[in-house]
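Source: prediction; values computed, not measured. Remember, it's 1-based here, ligands and their atoms both numbered in the order they're listed. Below, each value reflects all heavy atoms present in this structure, side chains not excepted, and no hydrogens, waters or symmetry copies.
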Amino acid sequence: MTLLLKNIRAVDPSQGLDKITDLYIENGQITEIGSIDMAADRVIDGEGRLTAVPGLFDMHVHFRDPGLTYKEDIITGAAAAKAGGFTGVACMPNTKPPVDSPELIRYVFEKAKETGINVIPYACVTKGMQGKELCDYEELKKAGIVAISDDGRPVENAELMRQALELTNENGLIVTSHCEDLNIINGGIINKGEVSRQLGVKGMDRASEDSITAREITLAASCDARIHICHVSTYGSVNIIRAAKRDGVKVTCETAPHYFTYTDEKLLSRDADYRMSPPLRTERDRLAIEEALLDGTIDCIITDHAPHSAEDKADFETAPNGVVGLETSLAVTLTQLYHTGKMSLSKLVEVMAINPRRILGLPEVSIKKGAFAELCIFDPELEWTVEPEKLHSKSKNTVFKGERLKGRTVYTICRGKIVYEL
Ligand code: DOR
Ligand code: ZN
């Protein structure tokens with residue numbers, strides 16, 4: 001199968017590339033770039049508008065497989081990823097049972113083979129995600145793991161976390177941390193502030209996030225280990241991370257599109273689809289997240305794709321936290337940051353494709369002769385409305401429902417094959 005992409009805007013900052021050109025794909029590889037006049041089994045004309053970037057990578061998704069597959073499974077989660085332009089994702093291990101053994105890691109890798117994209121598992125920091133006993137990182141590494149997380153909750157015992165950082169560092173792994181002090185959260189369901197008071201519901205104090213962010217950075221610095229802070233949502237965490245980076249601490253971090261798009265005002269609807277942890281915060285936080293993304297304090301955009309069924313989400317106060325995001329992430333980022341002139345496409349590629357792979361130590365994906373053809377091809381001008389029932393994900397709990405977005409994935413190519421087509 002040969003594929004010719006004509007008049008495509010190819011953007012890849014790792015190659016200093018941003019130009020309208022043709023790409024030829026054969027046997028899974030990019031074999032030519034430039035003006036190409038060769039026959040191909042399939043020709044796609046980008047008309048100078050369609051844009052090709054390295055396949056996106058989301059280093060923070062929940063595919064609920066094994067055990068909670070009524071919400072999502074590896075196949076449907078991957079379908080959502082492909083529709084969003086992702087050629088790779090890393091799945092959090094808070095499944096049922098949690099992924100904490102070579103057998104479960106093998107299960108994920110096996111099922112991932114059917115997806116046509118790269119689906120890699122995280123393993124837990126602690127056995128059963130119980131926060132009591134560390135997993136055997138050497139054994140997990142041998143099984144193919146690159147990163148470790150108890151995402152969904154923090155490791156509450158600071159000394160255990162310090163040991164985890166030391167041991168993962170020795171094994172060349174990275175810990176990614178869900179920073180929330182559960183004692184401070186104390187049953188809170190949305191950001192603590194004006195909106196929680198107005199609704200008369202228990203709030204989550206921002207100190208829950210800031211304090212664990214500071215703790216993780218202190219612990220990592222004490223043993224010179226790397227640490228990655230998950231889903232940053234507060235201006236306080238941003239300031240702590242920015243200062244730590246200046247001090248040379250090996251800290252990286254991520255945020256999600258909902259944190260630079262919305263505030264807790266969305267919760268006035270009393271709709272559990274707007275609940276996630278950490279929660280939507282205030283305008284001051286939203287602006288700090290945006291600024292930190294643009295100045296490089298925040299390294300990547302993830303989705304924290306966290307599917308929950310309509311039944312799970314029915315009651316505002318008792319519903320579990322989490323929102324889906326794979327199918328809207330690129331479009332929201334284009335709408336909010338690119339079309340407003342705040343973020344260049346090169347920067348977008350860095351935070352959505354290059355940095356996540358670099359943080360996890362995965363092979364880079366680039367647009368150059370001889371590289372594996374892993375591409376996200378999108379139409380930056382295509383406007384569409386988010387209709388939850390049309391999502392590929394099994395769950396429809398999106399905060400972007402009804403939103404008009406500008407920009408959409410049109411083709412996703414992995415290992416030279418078109419794995420998604422709008
Ligand atoms: O909102 C969230 N949902 N945050 C998390 O950290 C976990 C996730 C989930 O698993 O549903
Ligand atoms: Zn989390």
Subject >> Interfacing atoms of ligand 1 (cut-off 4.0 Å, heavy-atom, A306) >> reply: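 Listed by number with element, the hits are 3 (N), 8 (C), 9 (C), 11 (O).
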Original post:
By number and element, which atoms of ligand 1 are closer than 4.0 Å to a non-hydrogen atom of M276?
Top reply: 1 (O)
Any chance [atom1] of [X] has more than 12 other-residue heavy atoms, nucleotides or ligands included, within less than 6.0 Å?
{"X": "E265", "atom1": "CD", "result": "no"}
{"X": "F372", "atom1": "CZ", "result": "no"}
{"X": "E138", "atom1": "CD", "result": "no"}
{"X": "N27", "atom1": "CG", "result": "no"}
{"X": "R42", "atom1": "CZ", "result": "yes"}

Original post:
Any cation-pi pair here, R284 with Y235, using under 6.0 Å and within 45°?
Top reply: yes
Original post:
Has G152 got any heavy atom lying under 4.0 angstrom from an atom of ligand 1?
Top reply: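 Yes, G152 has a heavy atom closer than 4.0 Å to ligand 1.
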Original post:
Looking at ligand 1, does H231 have a heavy atom less than 4.0 Å from it?
Top reply: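 Flag set, H231 near ligand 1.
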Original post:
Can you tell me how far the CZ atom of R270 sits from the CD atom of E317, to the nearest 0.5 Å?
Top reply: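 One gets 5.0 Å once the value is rounded to the nearest 0.5 Å.
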Original post:
To the nearest 0.5 Å, what is the distance between CD (Q15) and OG (S346)?
Top reply: 11.5 Å
Original post:
Near the Zn ion (ligand 2), is there an N/O/S atom from E180 that is less than 2.8 Å away?
Top reply: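 No.
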Original post:
Would you say H60 has an N, O or S atom lying under 2.8 Å from the Zn ion (ligand 2)?
Top reply: no
Tell me the contacting part of [X] for ligand 1: side chain, backbone, both, or neither, using a 4.0 Å heavy-atom threshold, strictly below.
{"X": "V323", "answer": "neither"}
{"X": "H308", "answer": "side chain"}
{"X": "M92", "answer": "neither"}
{"X": "H62", "answer": "side chain"}

Original post:
Among C230, S277, P279, which one has a heavy atom closest to atom 1 (O) of ligand 1?
Top reply: S277
**OP:** Take H60 and H231 through the test ring-ring contact (aromatic ring centres under 6.0 Å, His included) and record every step on the way to the result.
**Re:** CA-CA 9 Å; H60 189 148; H231 37 52; 5.1 Å; yes
Original post:
Can you find an N or O of H178 that's nearer than 3.5 Å to an N or O of ligand 1?
Top reply: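 Indeed, backbone or side chain, H178 has an N or O that close.
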**OP:** Return the name of the atom in H178, of element N, O or S, nearest to the Zn ion (ligand 2).
**Re:**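 For H178, the N, O or S atom at the smallest distance from the Zn ion (ligand 2) is ND1.
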Subject >> Residue D151 atom name (nearest to the Zn ion (ligand 2); N/O/S) >> reply: OD1
**OP:** Considering only NZ, NE, NH1 and NH2 on the basic side and carboxylate oxygens on the acidic side, decide whether E209 and R206 come within less than 4.0 Å.
**Re:**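 Salt bridge absent between E209 and R206.
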Subject >> Residue and atom name of the nearest protein heavy atom (relative to atom 9 (C) of ligand 1), distance in Å to one decimal >> reply: R64 NH2, 3.4 Å
Original post:
Can you tell me the protein heavy atom closest to atom 3 (N) of ligand 1 and the distance?
Top reply: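 Among all protein heavy atoms, the one nearest atom 3 (N) of ligand 1 is N321 O, 3.0 Å.
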